[in-house]
Every structure is written in C-alpha cells, then in structure tokens.
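Below is one structure, written out as structure tokens, with a few remarks after it.
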Protein chains: 2
Amino acid sequence: MATPVAQLAVSTVIFSLRAGSTLWLPLVRRIREPFEGQWALPGGPLGANESLADSAARTLQQTTGLTPRYLEQLYAFGTVDRSPSQRVVSVVYWALVRPDEAEQATEGENVRWFSADELPELAFDHNTIVEYALWRLRNKMEYSRIAHAFLGERFTLAQLREVYEAVLRRPLDPANFRRQIEAGQSIVATDEYLAGGRHRPPRLYRTNESIDLAENGPLPEQGAPHALR
Amino acid sequence: MATPVAQLAVSTVIFSLRAGSTLWLPLVRRIREPFEGQWALPGGPLGANESLADSAARTLQQTTGLTPRYLEQLYAFGTVDRSPSQRVVSVVYWALVRPDEAEQATEGENVRWFSADELPELAFDHNTIVEYALWRLRNKMEYSRIAHAFLGERFTLAQLREVYEAVLRRPLDPANFRRQIEAGQSIVATDEYLAGGRHRPPRLYRTNESIDLAENGPLPEQGAPHALR
DNA sequence: ACAAAAGTGTTCGGCCTACACCCATGC
DNA sequence: GCATGGGTGTAGGCCGAACACTTTTGT
C-alpha cells in the first residue's frame, strides 16, 4: 500500500449547558508534542473497525463518560500546515450532551470544561474549529429542533426557552415562543406539572419521538442523530 | 509513523446545467478494481502539498478541464465497508460550473456527463453521495445565492429564474421572483439589454461581487467560494 | 394589429412581534 | 391579597403567493 501523505484523526466539539444558561465544552490537555501542555479538542486516530461517527462517539465516551444526545459531522479540516510536524487531516464532529449528565462527567488534571466564549489559546486550529461549531449550533438552533438534546425526559417550556436564549444569546417572548414551539410538532404535552416552584406550576412536556430533531437529508444513518443507538 | 487504518481520498460532485434546464454531472470510468469498468465520481488520493479544497479543484480541472465557479465541502464518508478491499475515507466536495464552459468540456471514453436523475449504478457508495449532494444543492438554492454560479457574466432575470426552476423542479412566478431577487442584493442591473429575442428585450444583470454567494460562517478561506482565486 | 415576454401594481393570507390581559400557585 | 411566572388573546407589520394589468418589442 502506498505511504499516505497525512494522518487521519477524528475530533469532537462537545457542548453542554452549565447553570442552564451558559455553553460549556470539555477540552483535554495534550501530553506530548506538538502543543504539549495546551488544551485541545478530544479526539484521536480513527480505529480500524469503527466508522467516523463511531470514533467520535467513542472519544466522547472516553473523555467525558457521556453518551451524546446529538452527534453530527461538522467539517473535515485539512490545510497543509495545520499541524507543525506530521500532516493531519481531522474529521470533526460536534455533539450535544445533557447538563444533568455533564454535571457528573469525569473531570481531572487532563480534562476540564470551559465556557465556550472564554477559551484559552488551543492547540492546532482548534479555536477556529470551535468557532465554526458554535456558528453551526446557533444556525441550526434557528431552523431545527436540536434544543431538546440539551434537556432531559421531561421539561417545561420555560426550560426549553432558556436553552434557546442561552444559545442564541437573546431573550425570547415567552408567549410567542410557546406558540411557535407548539406549531412545530416537536414536543408533546404530558399531563404532569412541575410542582415545587414558587408560582403557578408549569406543564411538563416531552419530545415528540416521531419527528426527527434535524433533517439531515438522505444520509444513511451516519453521524446522524441515531448514531447513538 | 504508525500504519494508517484507511486511505484518504478526495472526490467531487460537479454540477452543471444542460439545455438550461437539466442538471448534469461528469463521471469517470474506473480503470481498475474494485468496480473496474463502472462509473464513479472524479477524485483520487490527496496530494502531499495541497489542501482538501485544492485537491478537489485539481481533479475537477484534470477530468473536465474546467474551473469551478463554486466549490464547497460536502461531507466525509467513512463507513468501514464502503470499499470492498482497502478501507477508504473520502472527503467529498461539490462544485458548480457554467454550462457554456461545460459544453466544451473534455468528454471521452472514460469521462462522460450524465443527467443527475438518470444515473447508472455507480461504484462504491457514490449513488448515495450524489443524492446527498443534490439535496444540499437544492437546500442551499433556497436560502443562498449560489444560482449565479451556473451563469455567465451577464444574464437576464428569466435565465436566472430558469436556473432556480431547473434545480428546484417547480415553476416560479416571474413577477414575484423579480422582486425577491431585487430585494436580496445579489444582482446589479446593467444598462444593457439582450436583443435578438422574439419579444421585448430583457435587461441584463450581473452578480453583485460585494456580496458573498453563500454565508459559510467563520471558515478561514477553505473550500469556500474563493478557493478558486 | 397581435402575440408574448418584460415588468409593475394590488390584494390576500399567514406568520412573526409586541404587548395587554387573565390564571394559578406560594407566601 | 399580592407577587410572579404560566398561559391566552389580539392588533399591527412584513413577506410571500396569486394574479390583474401595463409596456415593449418582433413579426
């Protein structure tokens, strides 16, 4: 077999919400050159018997202990000079995980969560990659239903709205938000209410499983929302 | 260096319009196993000193002799079994070329243009890839200005509308189309008119260079519209 | 004059926005 | 009862769809 011109790696930008209202993502500290000691996106070389999406889900599992609620391919980065030594082409995925799960995620000397808009200088072109992932997340939030992936089984409309507000960084009218979400059929009302609040108890909803979170076209089950089954 | 688990290749789905109203794309005949004799997307291994987008533009040039008016990364395909022998991960681009250029494109025993919705059975998963590229093209046509990439320097609104109608496969109201296009600022009226028609001569327009064809977010000039400069 | 495409005007309805208002609960 | 978020009603504006109508050319 011909010797290749570049190494192939898979990395993942993992988003979660902290305090219900700020975007956080986990980074790993590099333990060898290049960029030893600096923070980088979790990832690594593609395994022999795993697809690209499998690889992304695996490193996600290994670094955070979590299973993604949403996983989608972001982009393949392959400029010649993005790694100073051996050339690397990185296929990057982005993922959403639930905050309640992220709370108990493994964190240690070499894995730490950062606020998405207060990142240090990262290894390679990873700052650019995160910026692009953020752009995609915000874009996709406006025309699809991925917000649900940040939430648990049952949630109130206010919680869902807070997700939108946190990602889009602008306040939304609760009344209009309700109608828009109800018009799309992405959620289903349960007959339960959230007690214990200080005011009128809000109704609890669940996601409508019969409708896909995002329309990804004719891609055959690859990096699509269901990659996690 | 560690031996890699997969070969890295770059392929391109190249679209053009034939007779102003049908989508066509060039395929190349495979001259060795696997899939010897079958038609496949143009592409090949990544070169040592070229970026992914460069590679896509190069094979496009080599197989058709053309320069793309628009070039964008489509997706990275990497399931384990997509090639029967050695595993291959393909980073696929899609491109738009002008019909007048495509007319005089090289065509021969091993390069032929096909109607996009009457394709034969292609090598590997290339039928799926073309379907996905078509989906992206049609999607992007609705919310960006890429239609211009199918046209020459000067064009009439009717010609632009025919591009939309061909790709979206539905008729558009000429009156409303005019206003929508004019509202977006993607075109500029010239003071020339197209004479020689059978009726009232339509005004000629040109693309507004000061506005990008598509908003691709914070990607640093990579596979973006300007990759061709 | 007539046909047909180029181009303009007008109406309608849906959807988003803003905001007034009622409802139900904890304190 | 009162504060507060949950939830409903409603009026205005914008935009796209539909379509009538005027303009300008070739024949």
Side-chain angles (χ1 to χ4, degrees), chain A residues 19-21 138-145 147-148 151-152 154-206 211, chain B residues 19-21 138-145 147-148 151-152 154-206 208 211 215:
Chain A
S21 60
R138 294 192 163 117
N139 251 36
K140 202 131 193 171
M141 191 74 92
E142 306 213 19
Y143 65 84
S144 76
R145 316 169 195 283
H148 306 21
L151 297 172
R154 306 277 136 116
F155 50 87
T156 69
L157 280 173
Q159 288 168 340
L160 184 59
R161 179 168 47 83
E162 279 161 18
V163 171
Y164 275 89
E165 291 179 336
V167 173
L168 300 180
R169 292 175 298 183
R170 65 183 149 93
L172 299 174
D173 184 310
N176 298 329
F177 180 79
R178 160 183 305 275
R179 276 178 294 242
Q180 285 170 16
I181 294 295
E182 278 171 347
Q185 308 254 290
S186 54
I187 61 172
V188 178
T190 71
D191 47 7
E192 300 166 52
Y193 293 80
L194 178 63
R198 281 185 303 280
H199 307 295
R200 172 177 173 177
R203 184 186 283 271
L204 285 168
Y205 292 79
R206 60 176 178 80
I211 291 188
Chain B
S21 59
R138 294 192 163 117
N139 252 37
K140 201 130 194 172
M141 191 74 92
E142 306 212 17
Y143 64 85
S144 76
R145 316 170 195 280
H148 305 23
L151 297 171
R154 305 278 134 114
F155 50 86
T156 69
L157 280 173
Q159 289 168 339
L160 184 60
R161 179 167 48 80
E162 279 160 18
V163 171
Y164 276 89
E165 291 179 335
V167 174
L168 301 180
R169 291 175 298 183
R170 66 182 149 92
L172 300 174
D173 184 309
N176 297 329
F177 180 79
R178 163 183 302 275
R179 275 178 294 242
Q180 285 169 15
I181 294 295
E182 278 172 347
Q185 309 254 289
S186 54
I187 61 171
V188 178
T190 70
D191 47 8
E192 300 166 52
Y193 292 81
L194 178 62
R198 280 185 303 281
H199 306 295
R200 172 175 175 178
R203 183 186 282 273
L204 286 168
Y205 293 80
R206 60 176 178 81
N208 182 355
I211 290 187
E215 186 51 72

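Worth saying up front: this structure is predicted, and the values here are computed from it rather than measured. Residue numbering restarts at 1 for every chain, and letters A, B, ... go by the order of the sequence lines.
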Provide, to the nearest angstrom, the distance between the CD atom belonging to B:Glu142 and the P atom belonging to D:dA17. 10 Å
Using atom CG of B:Leu160 as one end and atom C1' of C:dG7 as the other, report the distance to the nearest whole Å. 16 Å
Going from CZ on B:Phe177 to CD on B:Glu182, what distance comes out if it is rounded to the nearest 0.5 angstrom? 10.0 Å
How does each nucleotide of nucleotides 1-10 of chain D score, in 5' to 3' order, for protein heavy atoms under 4.0 Å: base (B), sugar-phosphate only (S), or none (-)? ---BBBSBBB
CD1/B:Ile187 to CZ/B:Arg206 distance, rounded to the nearest 0.5 angstrom? 10.5 Å
Whole angstroms only, please: what is the CG-P distance between B:Leu168 and D:dG16? 15 Å
Can you name the nearest heavy-atom pair linking B:Leu204 to B:Thr190, along with the distance? O-OG1, 2.7 Å
Distance in Å, A:Arg179 CZ paired with A:Asp173 CG, rounded so as to fall on 0.5 Å steps: 7.5 Å
Taking for each residue the nucleotide of DNA chain C with the nearest heavy atom, is it A:Gly196 or A:Arg170 whose nucleotide lies nearer the 5' end? A:Arg170
Rounding to a whole Å, what distance do you find between A:Leu172:CG and C:dC19:P? 15 Å
Closest approach of B:Tyr205 to B:Arg178 (non-hydrogen atoms, all atoms of both residues): OH-NH1, 3.7 Å
Which whole-number value in Å describes the distance from B:Gln159 CD to C:dA6 C1'? 13 Å
Counting distance only, does the side-chain N/O of B:Glu162 pair as donor-acceptor with the main-chain N or O of B:Ser21 below 3.5 Å? no
